[in-house]
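A quick write-up on the structure given underneath.
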Amino acid sequence: MKLVGQDPSQVDAASKDMPAELAPLRDVLAGKWVTFDPQALAEEAKKSDGAKAASPSPDGKPTLDPETAKQFTNSIRAVLTRTVTFEDKGEKDGTDHVWMSAPGRQLADELPKALKPLAAKLPGKFGKLPDSVPAGVRETNVTST
């Protein structure tokens, strides 16, 4: 993954602190291919949509109740829809290639603000969102192919 204008060691350091549930995101940040089955994802969403409360994960870690998870996803989706540009670069060797770009500082500012109303419902350190953008986040675009 290419992060334009960013120090790769900072991305690596941040991804090491991610919980196991975010392993796919860690793989994306490491430049690995991540695949998922959209049909299976849709089926899981349908199953959990009617659930009333969160159930503990097999390893005993806290999970989000379905309504909070839905609000979390919708909040992130809204920010990404406003800030991220996607461009289809076609198919190569049977794999779709997509180019993404986002203004780094704007994204770093809007994501915590969008999730702040949910902070009390988020597990662990995810509930401790920053009040302002860290000083080291630049105004430049962050891109990935």
Side-chain angles (χ1 to χ4, degrees), residues 1-89 95-145:
M1 179 172 187
K2 300 172 189 171
L3 294 172
V4 177
Q6 302 301 314
D7 179 0
S9 65
Q10 290 176 335
V11 175
D12 293 341
S15 68
K16 287 179 185 173
D17 293 336
M18 290 181 182
E21 320 58 85
L22 295 178
L25 179 57
R26 189 180 0 219
D27 289 345
V28 167
L29 293 173
K32 297 178 182 176
W33 284 106
V34 178
T35 61
F36 64 92
D37 179 357
Q39 184 62 36
L41 190 61
E43 289 171 11
E44 278 300 314
K46 284 179 188 175
K47 280 192 244 176
S48 67
D49 202 35
K52 297 290 182 206
S55 57
S57 64
D59 60 3
K61 292 184 180 177
T63 60
L64 293 178
D65 67 85
E67 183 57 32
T68 301
K70 186 175 182 179
Q71 291 172 351
F72 182 87
T73 303
N74 289 342
S75 297
I76 291 175
R77 180 182 298 133
V79 171
L80 296 179
T81 300
R82 281 193 313 274
T83 59
V84 179
T85 303
F86 297 90
E87 184 180 334
D88 184 353
K89 293 292 189 175
T95 304
D96 292 329
H97 290 257
V98 178
W99 177 84
M100 303 178 314
S101 178
R105 190 163 189 80
Q106 180 183 355
L107 193 59
D109 180 52
E110 289 191 29
L111 279 172
K113 284 180 182 176
L115 297 174
K116 200 70 147 172
L118 301 172
K121 299 177 182 178
L122 300 176
K125 65 182 174 181
F126 287 105
K128 299 173 186 162
L129 299 168
D131 292 322
S132 62
V133 178
V137 178
R138 297 192 215 171
E139 298 286 341
T140 59
N141 280 356
V142 176
T143 62
S144 175
T145 52

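For the single chain, residues carry numbers from 1 onward in sequence order.
Separating the NZ atom in Lys70 from the CG atom in Leu118 is a distance of 13.5 Å, to the nearest 0.5 Å. From Met100, atom CE reaches atom CG of Asn141 across 12.5 Å, with rounding to the nearest 0.5 Å.
Counting heavy atoms from C-beta outward, Ile76 and Leu115 have side chains that approach closer than 4.5 Å. The side-chain heavy atoms of Arg77 and Asn74, taken from C-beta on, include a pair separated by under 4.5 Å. Between Val79 and Val84, the closest side-chain pair of non-hydrogen atoms is not below 4.5 Å.
Looking at residues two or more places apart in sequence or on another chain, you find no side-chain hydrogen bond (donor to acceptor under 3.5 Å, both in side chains) involving Thr85. Remark: Thr83 engages no residue in a side-chain hydrogen bond (donor to acceptor under 3.5 Å, both in side chains) (not counting sequence neighbours). With sequence neighbours left out, the side chain to side chain contact (heavy atoms under 4.5 Å, CB included) criterion links Glu139 to Arg105.
Of all non-hydrogen atoms in Ala114 and Ser75, the two that sit nearest each other are O-OG, 3.6 Å.
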